Amino acid sequence: RCDELTKECEQLKASSSSQSSSLQGNEALLGELQVLKVERDAAVAEVKAVKQTTFELEREKKHLSSQLSSTREEYDLLRQSFRQLQDDIASREEDLRCQLDASHTRLGAIAEQARDKEKDLLREIETLKGQVDQLAMSKSELEARLLAPGEGRRGEEDTDAAEGQGL
């Protein structure tokens, strides 16, 4: 439109020398042309600003897209590590459970052995008590014979013999 008006203005200038009344019309058109040029320059500047803003937004979009991609990769790695840790924990729990069961079984066997040993020791103690009681009775009988009247000197010999044997 500006180019058309410029051509028209030039044609009018050429014909204005022959026509004085059209000179005023040409001046009006020239003024309108100047206003249109100013508006066009403003529109061109605005388009350049929009293009620059669009360029910057595209660059920011690429940067954010790159960050998003990197963050997704990190997230995937973390999720993978988390799953591995869960698997490791589950495996370790199972190992510990097996070890605990084995320890429980061993402790049960040890406890059973201890009960059996305790029973054996109690029987042995009862046997030893019986032997102590028999020795005490034997000692009492021996003392009674030694102290019995009429045995006399023989009792002393028995005592000496018994002491020599550790009785």
Side-chain angles (χ1 to χ4, degrees), residues 1-6 34-167:
R1 170 115 167 101
C2 283
D3 291 339
E4 290 174 13
L5 288 174
T6 304
Q34 293 296 331
V35 169
L36 288 174
K37 282 184 179 182
V38 168
E39 288 177 0
R40 184 190 71 177
D41 290 345
V44 167
E46 189 175 333
V47 167
K48 284 182 181 180
V50 167
K51 284 182 180 180
Q52 180 63 31
T53 303
T54 303
F55 174 75
E56 289 172 4
L57 288 174
E58 286 294 326
R59 188 174 59 196
E60 183 68 18
K61 178 183 169 185
K62 287 178 183 177
H63 176 69
L64 290 174
S65 178
S66 174
Q67 281 184 331
L68 178 62
S69 177
S70 175
T71 302
R72 281 184 180 156
E73 289 173 8
E74 288 177 27
Y75 174 76
D76 289 342
L77 288 173
L78 287 173
R79 194 165 67 187
Q80 205 173 29
S81 294
F82 179 71
R83 285 182 186 149
Q84 183 62 43
L85 283 173
Q86 284 179 320
D87 292 345
D88 291 348
I89 288 170
S91 175
R92 184 68 178 137
E93 283 178 347
E94 185 61 30
D95 289 346
L96 290 173
R97 208 173 282 121
C98 289
Q99 288 176 8
L100 183 63
D101 290 345
S103 294
H104 182 68
T105 302
R106 282 193 307 270
L107 286 175
I110 290 170
E112 185 63 32
Q113 288 174 350
R115 284 189 289 274
D116 291 346
K117 184 72 172 176
E118 180 183 22
K119 288 176 188 175
D120 291 346
L121 288 173
L122 288 174
R123 277 189 235 122
E124 197 174 316
I125 287 171
E126 287 301 317
T127 302
L128 289 173
K129 279 183 181 177
Q131 290 175 357
V132 166
D133 289 345
Q134 285 178 351
L135 286 173
M137 284 183 8
S138 296
K139 178 184 171 193
S140 295
E141 288 175 6
L142 184 60
E143 286 176 347
R145 275 192 292 169
L146 289 174
L147 297 176
E151 299 267 331
R153 181 83 178 109
R154 186 172 170 230
E156 289 176 11
E157 291 173 2
D158 289 342
T159 302
D160 290 340
E163 285 177 358
Q165 292 177 355
L167 297 175

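Just so you know, these numbers come straight off a predicted model, no measurement behind them.
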Report summary line: Interatomic distance, NZ@Lys62 vs CG@Leu64, rounded to 0.5 Å, equals 13.0 Å
Query raised in the report: Among pairs that include at least one residue of residues 110-120, which meet side chain to side chain donor-acceptor pair (under 3.5 Å), considering only residues two or more places apart or in two chains?
Result: Glu112-Arg115, Asp120-Arg123
Query raised in the report: At what distance, to the nearest 0.5 angstrom, does CG of Asp95 lie from CG of Leu100?
Result: 12.5 Å
Requested in this report: Only pairs at least two apart or in different chains count here, so list each side chain to side chain donor-acceptor pair (under 3.5 Å) that has a residue in residues 124-137.
Outcome: none
Report task. Output the distance between atom CG (Leu135) and atom CG (Leu142), rounded to the nearest 0.5 Å. Result -> 11.5 Å
Query raised in the report: Any side-chain heavy atom of Val38 within less than 4.5 Å of one from Gln34?
Result: no
Query raised in the report: Short question: side chain of Thr54, backbone of Val50 - any donor-acceptor pair under 3.5 Å?
Result: yes
**Report entry** Greater than 12 external heavy atoms within 6.0 Å of Glu46's CD
**Finding:** no
Query raised in the report: What residues, two or more places apart in sequence or in another chain, satisfy side-chain contact (heavy atoms from CB on, under 4.5 Å) together with Glu141?
Result: none
Requested in this report: Please name all residues satisfying salt bridge (charged side-chain N to carboxylate O under 4.0 Å, His left out) with Glu60, sequence neighbours left out, ordered by chain then number.
Outcome: none
Requested in this report: Nearest 0.5 Å please: distance from the CG atom of Leu96 over to the CD1 atom of Ile89.
Outcome: 11.5 Å
Requested in this report: Could you grab the distance from atom CZ of Arg145 to atom OG of Ser140, nearest 0.5 Å is fine?
Outcome: 12.0 Å
Report summary line: Arg72 meets the side-chain contact (heavy atoms from CB on, under 4.5 Å) criterion, sequence neighbours left out, with Leu68
Query raised in the report: Could you give all pairs that pass the side chain to side chain donor-acceptor pair (under 3.5 Å) test and reach residues 79-92, with sequence neighbours left out?
Result: Gln84-Asp88
Report task. Measure the CD-CD distance between Glu94 and Gln99 for me, rounded to the nearest 0.5 Å. Result -> 11.0 Å
